[in-house]
Every structure is written in structure tokens, then in C-alpha cells.
Amino acid sequence: MASGASSSLLRRPGLLDGLDPEQRAAASAPRGPVCVLAGAGTGKTRTITHRIAYLVGSGHVAAGQVLAVTYTARAAGEMRARLRTLGVESAQALTFHAAALRQLRYFWPRVVGGRRWDLLDNKFRYVSQAANRARLSTETEVLRDLAGEIEWAKASLVTPDDYPAIAARTQRDTPAPVLQVADVYRHYEEIKNSAQVLDFDDLLLHTTAALEEHGAVADEFRDRYRCFIVDEYQDVTPLQQRLLDAWLGERDDLTVVGDANQTIYSYNGASPRPLLEFTRRFPSATVVRLERDYRSTPQVVTLANQVIGASRGRPAGSRLKLIGQRPPGPEPRFAEYDDEATEAAAVAGRIRDLLDAGVSASEIAVLYRVNAQSEGYEQALSAAEIPYLVRGGERFFARKEVRQAVIALRSAVGREPDGDLVTIVRAVLEPIGLTEQPPSGGAAKERWDALLALVELAEELAASVEDADLPRYVADLDQRAAAQHPPTVEGVTLASLHAAKGLEWDAVFLVGLAEGTVPIQHADGDDAAIEEERRLFYVGVTRAREHLSLTWALSRTPGGRRNRRRSRFLYGLIPEDHPAARVARSQQQGTGKPAPAKARCRVCGGPLMETMEIKLSRCGKCPSNVDEALLERLRAWRAERSRDLKVPAFVVFTDATLVAIAEQRPADDSALVSISGIGASKLERFGAEVLEVVRSAG
């Protein structure tokens with residue numbers, strides 16, 4: 001380090017205090033490419049913010065020349081708050097889309113000219129018009145699937161013209177025949193451009209184009225920003241990576257932070273490849289591994305390591321093994337129930353026990369695989385009179401009482417009231433409903449909790465910023481609202497596993513852990529999809545600090561057939577002496593029936609080990625003889641049947657099953673049912689139609 005940098009650091013005593021050796025190594029790494037492989041709970045946000053503060057404090061870069069990007073607005077808001085406590089006020093911490101929006105607005109007059117195009121809040125109207133032109137259904141479920149496919153294509157840098165070939169090559173489970181999806185995509189872009197509006201992916205595309213095609217724009221941007229930090233790098237999409245490359249130019253002052261074990265957005269085009277190949281791109285990069293877990297007890301950490309340790313095909317760079325740093329806590333709980341209603345009621349009862357023991361409601365979460373599962377837990381918690389919040393529901397700053405509060409606070413700025421910040425905020429909010437004592441419950445208590453959260457934000461600002469005043473506080477609220485970074489409001493959190501990424505609680509309930517839900521049904525038969533489901537389960541486990549409960553039900557409804565199996569991910573996790581382990585052992589060891597014969601490759605006769613190999617009845621090393629024309633006909637048939645039945649395509653047959661049919665070309669019922677995934681019910685429902693498609697293909 002240069003002497004000037006050293007003397008500068010001397011003026012910032014304690015900047016690296018409190019960091020462990022690995023965090024310190026990452027924070028104080030020299031300029032240039034740095035890759036931080038950070039496991040769950042290892043303090044990556046702390047490390048990132050201290051690295052920014054170190055770079056600024058060492059004189060390497062001015063705070064205003066730093067651009068840090070992360071995956072969610074909430075994470076960006078948290079990063080800004082932490083930087084503020086470190087005395088770094090003007091560094092930019094934003095999502096990719098928020099950063100691109102600012103840049104595009106600034107450079108628009110030079111690269112486009114004329115009126116700036118508006119940003120779409122919801123693309124459904126335009127997708128509906130495009131689907132109508134392509135003669136496709138405009139039902140909500142179909143439009144949602146089409147919108148998702150367009151988002152994947154744009155995030156993956158796939159154009160409408162390239163879409164059919166790439167969708168076929170990657171075996172996309174498309175919501176309609178690929179040519180029709182391409183038509184919808186093409187019409188959508190035409191309609192949107194004619195209306196002169198942008199969707200969120202356009203922000204990245206147009207900003208990238210401005211930097212790549214306009215040298216003066218690129219020069220000005222690169223003179224403004226010298227240092228880049230990218231969080232959650234395992235989930236970067238090809239489009240985000242291209243924007244990042246445009247930001248960088250020929251420079252390498254880049255720090256990336258990620259964990260390939262937490263890659264859970266592949267369906268959106270995200271890939272851990274840039275993280276895993278970072279040192280190949282930058283051979284001189286500094287690599288630091290953070291494995292000390294400060295979030296969870298050793299009991300939770302051990303379970304998490306067991307979950308991810310069972311993964312197949314993990315690249316060497318992703319093999320982080322967490323090391324628990326907290327004192328011991330309770331063992332994870334496992335429980336099996338007859339039906340979902342009983343499971344939800346039992347979870348609510350256990351939550352009541354935790355609340356009575358002093359655990360705050362806001363430190364408890366119920367996590368599930370799909371949003372439709374929330375209803376049963378909303379009912380169970382309501383019956384137990386336990387407050388809850390559904391993550392992804394009404395936004396905090398859109399609530400009526402919060403809007404009223406912000407208006408009142410803005411009005412108070414002009415009056416310049418006397419007193420410290422917290423006292424002023426409390427006084428302003430009292431007429432709106434912030435009484436000295438909380439109401440007993442119901443909607444009034446929810447309003448009171450929201451207003452109290454605003455007071456707590458004032459307390460947080462006053463503690464971190466010297467001489468914080470009301471104008472600064474109102475500006476901070478506006479920034480939080482724009483970034484969708486709400487404060488914590490009291491209540492049990494209900495959230496999907498995807499929505500829980502980046503969050504943590506004292507107590508976590510992972511519910512509905514049955515086959516077909518975790519892993520999700522449409523992932524079966526695809527080894528890569530199963531491994532992503534395992535990583536999603538791992539993310540859920542690592543959200544818990546102390547209390548972790550894992551539950552499942554054998555039937556969907558009371559009195560229904562108890563024919564469900566617990567998730568395959570639970571095998572090996574349940575202690576041998578646990579009552580719930582009995583069924584697990586019988587499922588693994590058999591129940592006196594003859595063991596099924598090992599599957600063999602129909603080409604070379606070798607044993608089949610992987611799920612996808614068994615599905616296709618051939619090993620991975622043997623060549624595919626898929627009939628592409630037949631496969632396309634099968635997909636078209638499946639799309640039509642799924643529309644008729646109003647179910648997702650995978651409910652009819654998964655992509656893997658269609659590939660197996662197109663490879664094996666079954667001629668009769670017995671040949672059809674020999675394909676893994678086709679049983680008696682599928683044969684009865686679809687067998688004759690499938691055989692007719694095979695015969696008609698010649």
C-alpha cells in the first residue's frame with residue numbers, strides 16, 4: 001500500500017476492527033479483481049460495506065465513484081444504511097435496474113432524443129395484445145407464462161428470431177408451441193415500441209447499447225464511476241453481465257460476492273457460471289472464502305451442510321462448508337401430519353409457544369414452496385389470533401396510514417418544529433393514530449404497528465447520523481419508498497422460499513415438505529432442476545438463526561388418502577430414533593417386497609444412476625436418437641391439452657417424458673408405460689392420443 005494510503009487509514013482508526021481474518025482479507029484486498037465466495041450467514045454485507053469504506057478511506061477511490069449493485073432493492077437499502085454508519089454517504093448502492101434507469105434518464109437526450117419513454121409497471125396489457133395477434137389464449141395464466149418467457153428471453157439476450165432454435169436446444173418448457181411464443185414476443189416488442197414505453201429489461205438493454213455504441217457516453221460514465229461491487233453474483237443474468245462489462249470497459253476494478261450454493265433463479269436466466277469462471281477471466285484475481293457462519297446455531301449449520309453436501313455435480317468453487325460460530329441451540333424439529341390443515345394448526349400452535357417464550361413475532365417466518373400454500377397458514381394464524389404479514393402482499397409505503405403519515409411529516413418540515421427528531425416524529429404521528437399504548441388487536445393494531453415502525457426508522461437515523469433532522473428523515477423515507485425498502489413491522493412472516501432469499505429470522509418453519517412440492521413436481525426427471533430445488537431448500541434452512549422446524553403432510557385434505565411421501569431431501573436428515581424416521585427407513589430399505597431390478601441403458605446395457613438417465617432409458621454417454629419432428633408434434637399436442645385442461649404443461653407430461661417418447665417411439669400401451677413417468681392414470685388419460693401422435697409422425 002502506498003504511504004499516502006497508509007496515512008489516510010491512520011485517520012480512520014478501527015475501520016477493519018470487528019472483522020474476522022477472512023472478512024478482513026476481503027475488505028482490505030488491493031485494487032483490481034476480487035472474488036469473495038461467501039456462504040450463508042458469513043457476513044457478506046458487512047464485508048462489502050467495509051471494503052467500500054476501506055477503498056474510500058485508503059484514497060483509492062472517491063465515495064461518489066463507487067457503484068455497488070445487488071439483486072433486491074431491500075438489499076441495496078440495507079447496504080446504503082450500513083455505509084452511512086461507516087461515514088460513506090455518496091457511494092451508490094442500487095439494483096441493476098435502478099442503476100440503469102438513472103443512467104438511461106441522464107443519457108437519453110444524447111442517445112435517443114425527444115421525450116423520454118415511460119416505464120411500464122405491468123406488461124400484461126401489451127402481452128395480451130401480442131397473444132391476440134398470434135391467435136393464442138389471453139387467459140391470465142397463459143399471459144403470465146408468456147410474460148415470464150419473454151422476460152427469460154430478454155434476460156438471456158435471446159431475440160424473437162433466435163428464440164425457436166434456442167428454446168428447442170435448451171428444451172424450454174414453453175407455454176405454447178415455440179413458433180407461436182416467438183410471434184408473441186415479436187408482436188410484444190412491436191406494440192411496446194410503437195407506444196414508446198419501456199419494460200424493466202429494456203432499461204438494461206438500452207443502457208448497455210448506449211455505452212457500447214456511443215463512445216462519448218461510455219467515456220463520461222467511466223470517468224464518473226471507477227470502482228464496481230456486485231453482490232449476489234451467482235444470480236447474474238447474461239443481460240446483467242453484458243451491462244456490467246459495458247460499465248467496466250477495459251478496467252478490472254471489480255469486486256464480486258456470491259455463493260453458487262444459493263443459485264435459485266435459473267428459470268429467470270440467472271447462472272453461477274460468471275462467478276465460477278471469474279478467476280479464468282481474471283487470472284490475477286484475489287479470491288477469499290467466507291465460511292464462518294455467524295447467523296445460525298451449530299445445529300442449524302450442521303443440517304444445512306448435510307442438505308447441500310448431498311448435491312450432485314457441485315463445481316469445486318461452490319463447495320463452501322459452513323462453520324457455525326454461535327453457541328449451541330435446540331435441535332431442528334421434524335414432524336409428519338395426516339393432512340395440511342392439521343399441519344398448519346400445529347405450526348400455529350408451535351408459533352404461539354415461541355411467542356409465549358418471548359420470541360418476537362417479526363422474528364418468526366413460515367416458508368413454503370409456492371404462494372398458494374399461504375392460505376392455510378393465514379387461516380391457522382388468524383384462528384390463533386397471531387398477527388402475520390404475507391411477503392409480496394400490499395407494499396408498506398402504499399398503505400393508507402403510511403401515506404397519510406408521510407404527507408403529515410412533509411407538511412411539518414415547513415413548520416420547522418422544535419425538539420429532537422424522534423420527539424418530532426412521534427408528535428406528528430399521534431393525530432394519525434400513534435397512541436401511547438397499542439390497541440388490543442385487529443386492523444387498528446396493524447395501523448399502530450406501521451406508525452411505530454416509522455418512529456423506529458427515526459430512531460435508527462438519529463443513532464447513525466449526527467444532527468439528523470426532519471428534512472433528512474423525510475428524504476430518507478422517500479428513498480426507502482422508491483427502493484421498496486420497508487421497515488420491520490411486527491407480525492409472523494409468510495413467504496415463499498424464493499422471496500425469503502436474503503432474509504433471516506430467529507425461528508423458521510419450513511412447511512409442505514412433500515414430494516411434488518419440494519422438489520416441485522415439474523422438476524422431476526431433470527437433474528439440473530432437482531439440484532436447483534435442493535439449493536432452494538438449502539436457502540430455506542439457512543434463513544433460521546436458532547429454531548428450525550421441518551414439517552410435511554401425508555394428505556392434502558382431512559380424511560383424504562395418505563399417499564404422499566416426504567421430500568427426498570429429508571432422507572438422511574431425520575435422526576434414526578425420531579418417530580418420523582420410521583417411514584423414511586421403510587421407504588429407503590423396502591417393506592418386504594422384492595427390490596426392483598436396476599435400470600439398464602437400452603443402448604449399451606450399462607447401469608443407469610441419474611434420474612434423467614432412468615427417464616430416457618439410456619446413459620448420458622450414449623447418443624440421443626431423438627426424432628426432432630416428433631418431439632415438436634408432441635409439444636404442440638401437450639400445449640393444446642394443457643390449454644383444454646387449464647393446467648400447466650408439465651402436469652400433462654414433463655419435457656423429459658416427451659424427449660423419452662420421441663427417442664423410443666412406443667408403438668403400443670406396454671411400450672408407453674415402460675417409460676418412466678407414465679403410469680396407469682397417464683396411460684388411461686393420454687395414452688391413445690400420444691400413440692396416435694407417434695403413428696402420425698411416421
### Message
Check whether Gln240 reaches the backbone of Thr237 with its side chain - one donor and one acceptor, N or O, closer than 3.5 Å.
### Response
yes
### Message
Is it the case that over 12 heavy atoms from other parts of the model lie below 6.0 angstrom from the CZ atom of Arg273?
### Response
no
### Query
With no hydrogens and no angle check, is any side-chain donor or acceptor of Glu532 less than 3.5 Å from a backbone partner on Ser266?
yes
#### Entry: Nearest non-hydrogen partners of Phe509 and Ile364, listed with the distance
CE1-CG2, 3.9 Å
### Query
So, the side chain of Arg543 versus the backbone of Val539: is there a donor-acceptor pair under 3.5 Å, distance only?
yes
### Message
Before you tell me yes or no, could you show the steps for Leu570 and Trp552 under side chain to side chain contact (heavy atoms under 4.5 Å, CB included), namely the whole-Å CA-CA distance, both residues' side-chain angles and the distance that decides it to 0.1 Å?
### Response
CA-CA 10 Å; Leu570 293 171; Trp552 60 95; 3.6 Å; yes
### Beyond-backbone contact of Asp476 with Leu457, side-chain heavy atoms, under 4.5 angstrom
no
### Message
Give me the atom names and distance for the closest heavy-atom approach of Val34 to Ala29.
### Response
CG2-CB, 3.9 Å
### Query
Do you know the tightest heavy-atom contact between Tyr538 and Asn261?
CD2-O, 3.6 Å
### Query
Picking from Arg369, Arg566, Arg568, what satisfies salt bridge (Lys or Arg N to Asp or Glu O under 4.0 Å) with Glu515?
Arg568
### Message
Between Asn305 and Lys321 (side chain of the first, backbone of the second, donor and acceptor by atom type, cut-off under 3.5 Å), is there such a pair?
### Response
no
### Task
Quick one: sort the Tyr71 and Tyr265 rings into parallel, tilted or perpendicular, breaks at 30° and 60°.
parallel
#### Entry: Main-chain N/O of Ala270 paired with Asn268 side-chain donor or acceptor, under 3.5 Å
no
### Message
Would you say that more than 12 heavy atoms from the other residues, nucleotides or ligands in this model lie under 6.0 Å from the CD of Glu375, or not?
### Response
no
### Message
What verdict does the side chain to side chain contact (heavy atoms under 4.5 Å, CB included) test give for Val366 and Leu494, after you've listed the backbone C-alpha separation in whole Å, the side-chain angles of each residue and the deciding distance to 0.1 Å?
### Response
CA-CA 5 Å; Val366 178; Leu494 301 180; 3.5 Å; yes
### Query
Is there a donor-acceptor pair closer than 3.5 Å between any side-chain N or O of Arg24 and the backbone N or O of Leu16?
yes
### Under 3.5 Å side-chain donor-acceptor pair for Arg82 and Thr45
no
### Message
Taking the side chain as everything from C-beta on, heavy atoms only, tell me whether Tyr337 gets closer than 4.5 Å to Thr551.
### Response
yes
## Note on the structure
Arg426 and Leu452 have their tightest heavy-atom pair at NH2-CD1, 4.1 Å
### Query
Taking atom CZ of Arg352 as the centre, does the number of heavy atoms from other residues, nucleotides or ligands within less than 6.0 Å exceed 12?
yes
### Query
Short question: side chain of Arg326, backbone of Arg295 - any donor-acceptor pair under 3.5 Å?
yes
### Query
Under a 4.5 Å cut-off applied to non-hydrogen side-chain atoms, are Leu320 and Asp259 in contact?
yes
#### Entry: Backbone of Thr42 reached by a side-chain donor or acceptor of Gln23 within 3.5 Å
yes
### Task
Could you tell me the separation between the CG atom of Leu37 and the CG atom of Leu290, rounded to the nearest 0.5 Å?
8.0 Å
### Task
Give the C-alpha distance, both sets of side-chain angles, the deciding distance and a yes or no for side chain to side chain contact (heavy atoms under 4.5 Å, CB included) between Leu510 and Phe537.
CA-CA 9 Å; Leu510 297 178; Phe537 179 47; 3.8 Å; yes
### Audit row: Leu536, Ile520, side chain to side chain contact (heavy atoms under 4.5 Å, CB included) steps and yes/no
CA-CA 11 Å; Leu536 188 58; Ile520 199 74; over 6 Å; no
### Task
Answer yes or no: is there a donor N or O on one side and an acceptor on the other, between the side chain of Gln299 and the main chain of Gly329, under 3.5 Å?
yes
### Query
Is there a donor-acceptor pair closer than 3.5 Å between any side-chain N or O of Thr70 and the backbone N or O of Asp231?
no
### Query
Got a salt bridge between Arg535 and Glu531, using NZ or NE/NH1/NH2 to carboxylate O under 4.0 Å?
no
### Task
Specify the closest pair of heavy atoms between Leu461 and Tyr473, including all atoms of both residues, with the distance to one decimal.
CD2-CA, 3.5 Å
#### Entry: Heavy-atom check, side chain of Leu451 versus side chain of Val455, under 4.5 Å
no
